[in-house]
Amino acid sequence: MNDMRKTVADLHAELVRYNLVVWTAGNVSGRVPGEDLFVIKPSGVSYDELTPENMVVCDLDGNLVEGEHAPSSDTAAHAYVYRNMPEVGGVVHTHSTYASAWAARGEAVPCVLTAMADEFGGEIPVGPFALIGDDSIGQGIVETLKGHRSKAVLMQNHGVFSIGKDAKAAVKAAVMCEDVARTVHVARQLGDPLPIAQADIDSLYDRYQNVYGQRSPR
């Protein structure tokens with residue numbers, strides 16, 4: 001539990017490092033291995049003040065289990081994802097500028113970059129408009145991403161939610177989502193971006209997921 005508190009606390013610095021958040025908006029959570037629990041940022045606490053000790057622990061219904069602070073206002077959404085997507089070990093929410101601009105238009109980011117094919121296996125989809133406070137946002141996330149290769153969703157008029165096998169992977173997806181949203185936006189100012197053939201998207205995704213990087217010896 002202490003390890004997960006530290007991991008989640010430390011990963012919030014990556015949101016700041018990559019300019020994905022302002023003030024106290026945005027959050028990271030991580031599922032506690034072997035437990036029906038997750039660690040999440042406390043609500044309204046400055047990133048400079050985040051420590052392992054002030055992270056909060058919730059059950060998969062979003063109820064506070066450990067901690068002296070109220071959990072993030074997005075806790076219900078995170079909890080819904082964990083309940084309904086057992087393969088997910090981390091969830092991130094940001095209002096990063098370029099990705100949120102696509103969300104404001106209700107438009108998916110088209111797969112016109114090899115980096116998108118690598119990381120997301122296609123477009124970054126748009127999820128439905130939903131108000132904060134209950135499971136509605138979580139339902140939209142799950143409905144959009146279940147069966148989709150993308151590890152990020154643009155919730156309409158809101159911002160980005162990303163998922164991963166663990167909290168670090170979810171942060172990476174949030175970083176990459178903003179990066180490609182910015183690049184595709186710039187490309188559209190210059191003209192019409194060129195699509196990538198589906199077969200090539202499939203090939204790129206398979207290589208990146210199964211061949212790229214260092215692999216443990218068998």
Side-chain angles (χ1 to χ4, degrees), residues 7 11 14-15 17-20 28-31 33 81-82 84-128 138-156 158-218:
T7 294
L11 282 170
E14 298 300 297
L15 303 188
R17 176 185 177 193
Y18 287 99
N19 297 313
L20 303 186
V28 178
S29 72
R31 189 192 293 266
V81 173
Y82 288 126
N84 289 277
M85 301 182 79
E87 72 278 13
V88 170
V91 179
V92 172
H93 174 46
T94 78
H95 301 135
S96 58
T97 302
Y98 284 87
S100 295
W102 288 84
R105 295 196 304 271
E107 184 177 357
V109 182
C111 187
V112 294
L113 297 166
T114 59
M116 286 190 69
D118 289 345
E119 182 70 26
F120 300 104
E123 70 174 19
I124 300 174
V126 176
Q139 290 175 26
I141 297 167
V142 171
E143 289 168 5
T144 306
L145 292 185
K146 263 201 169 179
H148 202 291
R149 287 173 175 172
S150 178
K151 295 296 186 284
V153 56
L154 310 175
M155 294 300 286
Q156 182 182 315
H158 188 173
V160 179
F161 280 85
S162 61
I163 59 175
K165 64 180 181 179
D166 53 31
K168 183 177 180 180
V171 170
K172 179 191 177 186
V175 171
M176 295 300 294
C177 178
E178 177 64 5
D179 182 61
V180 298
R182 179 174 59 248
T183 303
V184 178
H185 169 79
V186 172
R188 293 216 327 192
Q189 309 316 299
L190 302 173
D192 293 326
L194 302 175
I196 300 174
Q198 186 61 51
D200 291 328
I201 292 173
D202 294 343
S203 178
L204 287 161
Y205 182 74
D206 179 71
R207 179 200 66 89
Y208 189 74
Q209 300 300 319
N210 299 305
V211 179
Y212 175 82
Q214 302 302 309
R215 301 287 157 179
S216 300
R218 300 194 175 191

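Computed from a predicted structure; not experimentally measured.
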Notebook entry, point to check: Is a side-chain donor or acceptor of E107 paired with a backbone partner of A103 at a separation under 3.5 angstrom?
Noted result: no

Next item on the list: For residues S162 and A170, report the shortest heavy-atom separation together with the two atoms involved.
Entry: OG-O, 2.7 Å

Next item on the list: Check the pair L11, E14 against side-chain contact (heavy atoms from CB on, under 4.5 Å), reporting the backbone distance first and the verdict last.
Entry: CA-CA 5 Å; L11 282 170; E14 298 300 297; 4.3 Å; yes

Check: If every non-hydrogen atom of P128 is compared with every non-hydrogen atom of T144, which pair is closest and at what distance?
Finding: CD-OG1, 3.8 Å

Item checked: Reported CD1-to-CG distance for the pair I196 and L113, which is rounded to 0.5 angstrom -> 6.5 Å

Next item on the list: In plain terms, say whether E119 and K172 are close enough for a salt bridge, that is, a side-chain N and a carboxylate O under 4.0 Å apart.
Entry: yes

Note to self: Checking the side chain of E178 only, and the main-chain atoms of Y98 only, is there a donor and an acceptor separated by less than 3.5 Å?
What the structure shows: yes

Check: What's the spacing between C111 SG and E123 CD if we round to 0.5 Å?
Finding: 8.5 Å

Checklist line | Student check: side-chain heavy atoms of Q198 and D202 closer than 4.5 Å | finding: yes

Notebook entry, point to check: Which distance, rounded to the nearest 0.5 Å, do you find between the CG of L145 and the CD1 of I163?
Noted result: 5.0 Å

Next item on the list: Examine distances only and state if a side-chain atom of Q156 and a backbone atom of V126 form a donor-acceptor pair shorter than 3.5 Å.
Entry: no

Note to self: With rounding to the nearest 0.5 angstrom, report the CG to CG distance, D206 to D118.
What the structure shows: 11.0 Å

Next item on the list: Rounded to the nearest 0.5 Å, what's the gap from OG on S150 to CD1 on I124? Could you check?
Entry: 5.5 Å

Check: Closest approach of A187 and P193, non-hydrogen atoms and distance?
Finding: CB-CG, 4.0 Å

Note to self: Using 0.5 Å steps for rounding, measure from the CE atom of M155 to the CD1 atom of I141.
What the structure shows: 5.5 Å

Checklist line | Cationic N near anionic O, under 4.0 Å, D166 to R31 | finding: no

Margin query: Restricting to non-hydrogen atoms, name the atom on A174 and the atom on T94 that form the minimum distance, rounded to 0.1 Å.
Written below: CB-CG2, 4.4 Å

Note to self: Minimum heavy-atom separation for P125 and A152, please, with both atom names.
What the structure shows: CD-O, 3.4 Å

Next item on the list: May I ask you to establish whether R149 and Y205 are in a cation-pi arrangement, using a distance under 6.0 Å from NZ or CZ to the six-membered ring centre and at most 45° from the ring axis?
Entry: yes

Next item on the list: Verify, without hydrogens or angle tests, whether T183 (side chain) and D179 (backbone) share a donor-acceptor contact under 3.5 angstrom.
Entry: yes

Notebook entry, point to check: Judged by atom type as modelled, is there a donor-acceptor pair below 3.5 Å linking the side chain of W102 to the main-chain atoms of L154?
Noted result: no

Notebook entry, point to check: Would you say the side chain of V28 lies within less than 4.5 Å of the side chain of L15, judging by non-hydrogen atoms?
Noted result: yes

Item checked: Candidate pair M116 and V184, rule side-chain contact (heavy atoms from CB on, under 4.5 Å), full reasoning -> CA-CA 10 Å; M116 286 190 69; V184 178; 4.2 Å; yes

Check: Do F120 and H148 come within less than 4.5 Å of each other through their side chains, counting heavy atoms only?
Finding: no

Note to self: Could you walk me through whether H95 and S100 satisfy the side-chain contact (heavy atoms from CB on, under 4.5 Å) test, starting with their C-alpha distance in whole Å, then the side-chain angles of each, then the deciding distance to 0.1 Å, before giving a yes or no?
What the structure shows: CA-CA 6 Å; H95 301 135; S100 295; 4.0 Å; yes

Note to self: Quiz question: by atom type and distance under 3.5 Å, do the side chains of S96 and Y18 form a donor-acceptor pair?
What the structure shows: no

Next item on the list: I would like to know whether K146 and M85 meet side-chain contact (heavy atoms from CB on, under 4.5 Å); could you show each step before the answer?
Entry: CA-CA 8 Å; K146 263 201 169 179; M85 301 182 79; 4.1 Å; yes

Notebook entry, point to check: Do S29 and Y82 pass the side-chain hydrogen bond (donor to acceptor under 3.5 Å, both in side chains) test, and can you show the C-alpha distance, the side-chain angles, and the key distance before you say yes or no?
Noted result: CA-CA 10 Å; S29 72; Y82 288 126; 2.7 Å; yes

Next item on the list: Assign the ring pair H93 / H158 to parallel, tilted or perpendicular, where the plane angle (0 to 90°) is split at 30° and 60°.
Entry: perpendicular

